[in-house]
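Report on the structure given below.
Just so you know, these numbers come straight off a predicted model, no measurement behind them. Read the numbers this way: they start at 1 and go in the same order the structure lists the ligands and their atoms.
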Amino acid sequence: MSKFEFKELPYAFDALEPHIDAQTMEVHYEKHHKGYYAKFLKAIEGTEFEGMSCMHKVFENIDKGNAGVRNNGGGYFNHDLFWGSMSPNGGGEPKAKVLEAINKAFGSFDAFKEKFSDAAATRFGSGWAWLIVNKAGELEVCSTPNQDNPLMKGAENVGEPILGLDVWEHAYYLKYQNRRPDYIGAFWNVVNWDAVEAAYEKALSK
Ligand code: MN3
């Protein structure tokens, strides 16, 4: 079962203060994320998913699973990507290759930020905003409901996610209450562009 591991948070709970508060980080990681992971392992027990080599395979075959595999598998994977999308040394501008691709796809970094923020703000209810590398190797912004992601078979926008933002209320309510746009605005101060650059290069090499 080691291929589906529960990774350590790459920084302390209070490392992203004041943008993401310590209490939210702790509950989000220890309760929500860990809960999805435990329920995912339970949901795949004795099924064909148990033998799959990675989450990408799980998502390619998600239509063969039940809601437990989909929701908890998504929750497990999406949060891993989310923690890696942020860093106490984050913020600023994207690194060279991603910046070039962003300029090509969206015109400018500001135009991209606006599009991504809009996708995050207008996702009704719970879900995620994503920056993905599509099949043509181009960048796209999209959002998904619940714990879905762009790797899941049947997704509206298909691609490899390289940046993800959790817009479930549990991700921001303690600090921002109903002010989701403030939380989205704060996110830009902690985006880990080194990780996004690495994920972009990895996605292109596939
Ligand atoms: Mn969450």
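- With a 4.5 Å cut-off on side-chain heavy atoms, Phe112 and Leu131 count as touching.
- In summary, an N, O or S atom of His170 is located under 2.8 Å from the Mn ion (ligand 1).
- None of the N, O or S atoms belonging to His32 lies under 2.8 Å away from the Mn ion (ligand 1).
- Among heteroatoms of the N, O or S kind in Asp166, OD2 lies nearest the Mn ion (ligand 1).
- Ile102 places none of its side-chain heavy atoms less than 4.5 Å from the side chain of Phe116.
- Using a 4.5 Å heavy-atom cutoff, the side chains of Val167 and Trp128 are not in contact.
- Both tests pass for Lys113 against the ring of Trp188: distance under 6.0 Å to the centre and angle within 45° of the axis.
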